[in-house]
Amino acid sequence: MTTTARSRIERYDPASIEPRWQARWAELELYEADLEDTSRPKYYLLTMYPYPSGDLHIGHWYIKTPTDAVARYRRMHGDNVFYPIGFDAFGLPAEGAAIKNGIHPAIWTMQNIENMRRQLRSMGATFQWSAEVVTASPEFYRWNQWIFLKFLEAGLAYRAKAPIDWCPNDGTLAREQVEGPERRCWRCGALVEKRDLEQWFLRITNYADELLDFSGIDWPEPIRIQQTNWIGRSEGAEIVFTTAPDDHQPGGDELRVFTTRPDTLFGATFMVLAPEHPLVDKLTAPGQRATVAAYLAQARRQTEIERLSTDRPKTGVALGAEAINPINGERIPIWVADYVLAGYGTGAIMAVPAHDERDFEFARQFGLEIREVIRPGDAPADRGPLREAYVSKAPTDVMVNSGPFDGLRPIPDGFQAIVAELERTGRGKAAVSYRIRDWLISRQRYWGTPIPVIYCETDGIVPVPVEDLPVRLPEEVDFHGSGESPLKTDHTFLDVTCPRCGRPARRETDTMDTFIDSSWYWFRYLSPEYTEGPVDRRLVDRWTPVDQYTGGAEHAVMHLLYSRFFTKALADVGVIGQREPFKRLFNQGQILGADGERMSKSRGNVQDPDELVARYGADTIRLFLMFMGPWDQGGLWSPTGIGGVHRFLNRVWTLALDPHGIEPGDPQAGRLPADEDVAAAERSIRMAAHRTLRVVTEEYEGFRFNTMVAHLMELANTLFRYRGTAVAGGAAWDEAIRLLLLMLAPAAPHITEELWARFAAAADTPWTSIHVQTWPTVDPSAIVDETREIPVQINGKVRDKVVVPVGIEPAELERLALDRPRIRELLAGRTPERVVNAGGRLVNIVVD
RNA sequence: GCCGAAGUGGCGGAACCGGCAGACGCGGCGGACUUAAACUCCGCUGCCCGCAAGGGCGUGUGAGUUCGAAUCUCACCUUCGGCACCA
């Protein structure tokens with residue numbers, strides 16, 4: 001700041017600008033939506049609420065900054081924008097801190113929340129703090145309990161014993177929380193075991209088909225595909241085999257199987273039961289008892305420890321019993337093997353080794369018959385034994401070795417014919433099976449919503465009466481370091497009287513999965529203090545579904561699926577009227593540390609935003625995060641390049657406050673371009689500004705923030721070339737600066753507000769915030785061009801360019817192109833075979 | 001193995017309804033300003049050949065469609081994300 005040219009203006013100093021405006025905005029309640037105002041279009045903008053982990057880093061800014069820009073952008077379009085925030089405050093890390101450091105989870109959590117609020121404010125974010133929701137507060141979680149009781153009453157919540165996923169550190173997990181081939185816990189990474197336990201479930205499977213229907217919501221295709229795969233709908237048939245009588249049992253038991261290929265029924269040469277199948281014991285022949293028992297024990301161990309990979313050799317043992325195939329009365333052996341899963345279908349399969357890879361491998365392993373029943377149309381009649389299972393489905397396939405069904409096309413004709421025959425004899429029917437299972441929601445943890453039920457010796461499971469809600473977490477608790485939930489030993493909590501019979505009873509000590517909280521929190525934002533129910537139905541009907549939701553794709557089959565389920569279930573119990581939560585979803589990418597790993601304190605790869613704010617100011621950070629690349633892509637964190645963005649804001653500052661300054665380093669400074677007079681220069685400036693407005697508007701709409709920033713930089717660069725010239729400070733110049741500030745305002749709210757205020761002061765007009773201005777409109781007359789530069793190609797290579805009037809006749813354009821000296825020279829007298837005139841955008845001359 | 005996304009300069013990336021590849025920024029080189037440095041400003045910067053004019057090559061690889069392909073089609077390679085024997 002030592003040059004005379006720039007010493008006239010004050011330096012751009014974010015530290016003196018930003019806190020002042022943040023305070024002013026809060027004071028004016030500039031960003032409070034009026035939920036009762038129906039005169040303007042409503043716009044519910046939601047960003048996934050953060051977990052207050054204490055690991056605050058630049059990733060939080062990356063997630064929230066563009067959403068905040070959208071909120072501001074929509075407001076400038078006159079929308080009534082509701083943009084709330086809250087905290088996903090229950091969860092394990094708080095409990096971990098309690099066990100490790102002896103700090104109460106509530107204290108730890110509230111401290112982190114306080115720090116996070118401060119940081120979110122320093123971002124200049126326009127959250128509506130009056131709507132804030134903290135899920136760990138009884139005012140919120142009592143409604144989790146209320147909803148749970150509703151679900152219980154409607155049969156959507158139930159308690160059952162089931163083989164469940166068990167993490168040695170975190171206890172039970174939902175199936176969605178088990179990751180990878182090694183089956184590790186999503187939180188702590190420990191190997192997950194299987195256990196048979198009584199647990200609480202929500203009946204998400206009731207909604208499997210409805211959850212497959214995405215019509216009416218605009219979600220990214222990858223998420224829809226992931227959810228569809230997770231739900232895993234398969235159409236097939238349920239077929240009833242029966243056990244054959246033998247020396248040790250009378251037979252006649254039904255063995256139901258699910259198959260997607262009923263057309264291969266004649267190829268079933270054995271059956272396989274899952275180790276957990278209830279008939280295993282009954283069907284085991286005395287001579288096999290020891291072998292089977294040993295196998296079951298081993299299979300159990302196998303599932304409890306690491307299941308290394310799916311390509312380990314298949315194992316199994318024969319039970320010494322047989323089943324009868326309902327289509328042809330054939331007797332086939334029954335085996336037990338752990339490649340059949342208890343939890344899918346019926347836990348039993350008909351094995352068709354010729355047409356299923358797993359059955360094929362198993363048959364090979366144990367020397368079982370492999371009978372081909374589907375033959376490709378082009379296969380020779382006698383081609384010897386199959387070398388691998390034939391699983392493809394070609395239209396030319398035919399059925400063989402299938403009695404009366406021989407010669408049929410398997411799909412769909414054979415499929416339907418066999419199902420029809422089974423239905424006629426009552427031995428089977430068309431059926432659908434799903435991969436998705438009910439949502440296991442109980443956790444053996446302290447820091448979560450207590451499940452509001454009581455166990456009574458006489459009355460069994462008794463719901464806590466609604467008027468007794470909330471069931472509060474006891475505050476005085478001892479985390480005695482064992483890792484076990486203190487609720488299990490806290491008698492002030494445990495000991496209750498049964499609401500039905502009044503006798504001593506015991507309270508449920510399990511708490512809810514924290515994904516319950518996030519499955520409906522956005523409804524609560526609309527009326528965080530409402531006491532008549534979880535939501536104010538009137539506001540919910542008016543304001544939801546959420547118009548735009550933004551958050552990470554890692555929640556594809558957890559939060560984003562649970563939320564859809566919850567919305568449908570809440571509708572079915574009469575709490576709300578809609579069936580989809582989020583109309584439009586955008587998945588932003590993730591910012592990773594420089595080492596390519598997720599940012600966390602323990603890895604030491606976090607970038608602290610406070611540090612950057614102190615150095616560059618919030619506006620620079622906001623802009624830089626948007627400029628880094630496409631928002632849905634994420635990337636590795638690197639501060640390289642942040643200086644470029646900061647320089648840009650400095651240039652905006654200079655342009656706005658010192659239009660007549662001259663840069664001593666620029667030999668052309670103060671002079672118009674050689675080919676422009678004042679009028680032409682003003683036309684250039686207007687054209688640049690309005691063209692930028694056109695494209696920047698589209699980019700905000702399309703969430704293409706990186707190119708939006710680039711285009712604003714381009715405009716600033718253009719204006720800089722005219723700084724200090726005869727047009728600087730003129731009408732066209734002032735208009736361009738005004739447009740630049742308005743376009744930049746959603747992304748860099750402080751500097752634009754400051755400059756806007758200074759303009760108002762200089763013009764002696766009353767101040768109104770730039771953020772309540774109306775988004776400008778493009779002046780079509782400013783962006784029409786009189787001439788256009790057209791590339792001229794020879795055989796697809798650009799060889800010359802010709803400047804022509806806009807709207808030139810194609811024939812005239814071609815004539816001009818062919819007449820260019822350079823083109824004539826390169827053609828060297830050759831006559832063009834053809835001349836392509838691509839809609840007046842380009843000329844391509846084809847020779848030879 | 002299956003499903004999904006993506007491969008473009010030294011780097012982040014732009015263009016992708018087929019039509020000037022590399023916008024914008026970083027980094028690098030050169031220059032102006034300065035006693036000097038920093039800051040700021042200006043210019044150049046895909047690779048190769050050439051003093052230059054200019055030419056050749058170039059969007060993961062290989063084919064194809066087309067007057068014309070980063071963009072469309074097919075096959076393959078690599079990276080990242082998801083799933084994990086789902087009958």
Side-chain angles (χ1 to χ4, degrees), chain A residues 1-6 11 178-183 220-223 225-226 228-230 232 234 236 257-261 264 272 307 309-312 314 337-341 343-346 348-352 355-359 361-362 433-437 553-554 556-557 589-590 596 624 627-630 632-633 635-636 638-645 647-648 650-651 654 662-669 704 706-707 709-714 717 720-721 723 789-798 801 832-839 841-847:
Chain A
M1 281 305 147
T2 56
T3 65
T4 47
R6 289 183 304 102
R11 185 193 174 92
V178 181
E179 293 182 335
E182 299 177 353
R183 300 180 44 77
E221 182 156 355
I223 297 285
I225 290 171
Q226 242 189 96
T228 301
N229 291 343
W230 186 260
S234 298
V257 302
F258 174 78
T259 177
T260 54
R261 296 294 302 272
T264 65
V272 186
R307 288 171 71 169
S309 80
T310 53
D311 47 50
R312 76 200 156 105
K314 297 247 177 309
D338 66 2
Y339 81 91
V340 173
L341 308 174
Y344 182 77
T346 60
I349 62 157
M350 65 179 209
V352 183
H355 305 292
D356 180 280
E357 281 166 12
R358 296 149 303 182
D359 298 346
E361 195 195 327
F362 193 81
S433 192
Y434 301 88
R435 275 178 47 132
I436 192 171
R437 295 197 224 153
E554 68 275 15
V557 296
Q590 211 176 25
F624 177 62
F627 183 60
M628 278 176 38
D632 55 3
Q633 192 179 295
L636 304 188
S638 162
T640 315
I642 200 165
V645 173
R647 263 191 289 283
F648 161 63
N650 265 303
R651 286 157 77 87
T654 306
I662 300 281
E663 290 300 329
D666 180 0
Q668 295 299 315
R704 292 188 299 274
N706 58 328
T707 53
V709 176
H711 283 117
L712 293 179
M713 287 174 165
E714 223 171 337
N717 291 346
F720 225 82
R721 273 201 282 287
R723 181 164 167 258
E789 191 184 58
I790 306 291
V792 182
Q793 297 182 332
I794 295 178
N795 289 343
K797 280 184 201 258
V798 179
K801 288 173 186 180
E833 263 175 43
R834 60 184 286 201
V835 178
V836 180
N837 172 358
R841 294 194 306 276
L842 166 147
V843 176
N844 188 15
I845 300 161
V846 185
V847 292

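In the text below, chain A, chain B and the rest are named by the order of the sequence lines, each starting its count at 1. Note that the structure is a prediction, hence the values are computed from the model and not measured.
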*Asks:* From CH2 of Trp230(A) over to P of G4(B), roughly how many Å is that when rounded to an integer?
*Replies:* 18 Å
*Asks:* Report the distance from atom CZ of Arg437(A) to atom C1' of C83(B), rounded to the nearest whole Å.
*Replies:* 13 Å
*Asks:* First locate atom NZ of Lys801(A), then atom CD of Gln793(A), and finally report the distance between them rounded to the nearest 0.5 Å.
*Replies:* 10.5 Å
*Asks:* Could you please name the partner base of A84(B), counting Watson-Crick and G-U wobble pairs only when both distances are under 3.5 Å?
*Replies:* none
*Asks:* What's the separation between atom CG in Asp359(A) and atom NZ in Lys314(A), rounded to the nearest 0.5 Å?
*Replies:* 9.0 Å
*Asks:* Using a cut-off of less than 4.0 Å, is there contact between a side-chain N or O of Tyr344(A) and OP1 or OP2 of A87(B)?
*Replies:* yes
*Asks:* Whom does U78(B) pair with, Watson-Crick or G-U wobble, provided both distances fall under 3.5 Å?
*Replies:* A6(B)
*Asks:* Could you pull out all residues at least two apart from Thr346(A) that satisfy side chain to side chain donor-acceptor pair (under 3.5 Å)?
*Replies:* none
*Asks:* Tell me, do Val645(A) and Met713(A) make a side-chain contact under 4.5 Å, heavy atoms counted?
*Replies:* yes
*Asks:* Within this structure, what is the CG-to-P distance between Asn650(A) and A38(B), rounded to whole angstrom?
*Replies:* 18 Å
*Asks:* Return the nearest nucleotide to the side chain of Ala710(A); candidates are C83(B), C85(B), C24(B).
*Replies:* C24(B)
*Asks:* Reckon Asp359(A) touches a base, only the sugar-phosphate, or nothing at all at heavy-atom distances under 4.0 Å?
*Replies:* nothing
*Asks:* Say we look at A21(B) and G27(B): how far apart would their P atoms be, to the nearest angstrom?
*Replies:* 28 Å
*Asks:* Anti or syn, where syn is a glycosidic angle within 90° of 0; which label fits G9(B)?
*Replies:* syn
*Asks:* State which residues pass side-chain contact (heavy atoms from CB on, under 4.5 Å) with Val340(A); sequence neighbours excluded, sorted by chain then number.
*Replies:* Val272(A), Ala274(A), Ile349(A)
*Asks:* Please state how far atom CZ in Arg651(A) lies from atom C1' in U40(B), giving the value in whole angstrom units.
*Replies:* 10 Å
*Asks:* Using the C1' atoms only, state how far A14(B) lies from U66(B), rounded to an integer number of Å.
*Replies:* 25 Å
*Asks:* Could you please name the partner base of A23(B), counting Watson-Crick and G-U wobble pairs only when both distances are under 3.5 Å?
*Replies:* none
*Asks:* What distance, rounded to whole Å, do you find between the two P atoms, one in A63(B) and one in C57(B)?
*Replies:* 15 Å
*Asks:* Nearest whole angstrom, please: distance from the C1' of G25(B) to the NE2 of His711(A).
*Replies:* 13 Å
*Asks:* Closer to the 5' end of RNA chain B via nearest nucleotide, is it Thr640(A) or Phe258(A)?
*Replies:* Thr640(A)
*Asks:* If the C1' atom of C17(B) is compared with that of G7(B), how far apart are they to the nearest Å?
*Replies:* 23 Å
*Asks:* Taking protein heavy atoms under 4.0 Å as touching, what does nucleotides 12-20 of chain B look like 5' to 3' if B marks base contact, S marks sugar-phosphate-only contact and - marks none?
*Replies:* BSS----BB
*Asks:* Parallel, tilted or perpendicular for Phe258(A) and Tyr344(A), by the 30°/60° rule?
*Replies:* perpendicular
*Asks:* When rounded to the nearest 0.5 angstrom, what is the spacing between CZ in Arg651(A) and CG in Asn717(A)?
*Replies:* 4.5 Å
*Asks:* Do Met350(A) and Thr264(A) make a side-chain contact, defined as non-hydrogen atoms from C-beta onward lying under 4.5 Å apart?
*Replies:* yes
*Asks:* Taking OP1 and OP2 of C39(B), is either one under 4.0 Å from a side-chain nitrogen or oxygen of Arg647(A)?
*Replies:* no
*Asks:* Using a cut-off of strictly less than 4.0 Å, decide whether Lys797(A) has a side-chain nitrogen or oxygen near OP1 or OP2 of C57(B).
*Replies:* yes
*Asks:* Taking atom P of A23(B) as reference, at what distance in whole Å does atom CZ of Phe648(A) sit?
*Replies:* 18 Å
*Asks:* Tell me if a side-chain donor or acceptor on Asp356(A) pairs with a main-chain N or O of Ala351(A) at a distance below 3.5 Å.
*Replies:* no
*Asks:* Does U40(B) have a Watson-Crick or wobble partner in any strand here, with both distances under 3.5 angstrom, and which is it?
*Replies:* A32(B)
*Asks:* Which whole-number value in Å describes the distance from Gln590(A) CD to C80(B) P?
*Replies:* 15 Å
*Asks:* Could you tell me how far G60(B) sits from U71(B) if I compare only their C1' atoms? Round to whole Å.
*Replies:* 15 Å
*Asks:* Provide, to the nearest angstrom, the distance between the CD atom belonging to Glu221(A) and the C1' atom belonging to G4(B).
*Replies:* 9 Å
*Asks:* Counting any heavy atom closer than 4.0 Å, what does Val340(A) reach on the DNA or RNA strands: base, sugar-phosphate only, or nothing?
*Replies:* base
*Asks:* Of all the nucleotides listed (G82(B), C24(B), A87(B)), which has the minimum atom distance to the side chain of Ile349(A)?
*Replies:* A87(B)
*Asks:* Return the 5'-most residue of the pair Thr259(A), Arg834(A) with respect to RNA chain B, ranking by each residue's nearest nucleotide.
*Replies:* Arg834(A)
*Asks:* Given that both distances must come in under 3.5 Å, which nucleotide forms a Watson-Crick or G-U wobble pair with A14(B)?
*Replies:* none
*Asks:* With rounding to the closest Å, how many angstrom separate the C1' atoms on A69(B) and G58(B)?
*Replies:* 14 Å
*Asks:* Select base, sugar-phosphate, or nothing to describe what Ser638(A) touches, counting heavy atoms under 4.0 Å on all strands.
*Replies:* nothing
*Asks:* Now, which nucleotide makes the Watson-Crick or G-U wobble pair with C47(B), with each of the two distances under 3.5 Å?
*Replies:* G56(B)
*Asks:* Taking atom C1' in both U45(B) and G25(B), compute the distance separating them and give it to the nearest angstrom.
*Replies:* 14 Å
*Asks:* From the set C42(B), A87(B), C26(B), return the single nucleotide nearest to any side-chain atom of Asp356(A).
*Replies:* A87(B)
*Asks:* Given that both distances must come in under 3.5 Å, which nucleotide forms a Watson-Crick or G-U wobble pair with U65(B)?
*Replies:* none
*Asks:* Considering only atom C1', compute the distance from C16(B) to G22(B) and round it to an integer number of Å.
*Replies:* 14 Å
*Asks:* Would one find more than 12 heavy atoms of other residues, nucleotides or ligands at under 6.0 Å from atom CD of Glu357(A)?
*Replies:* no
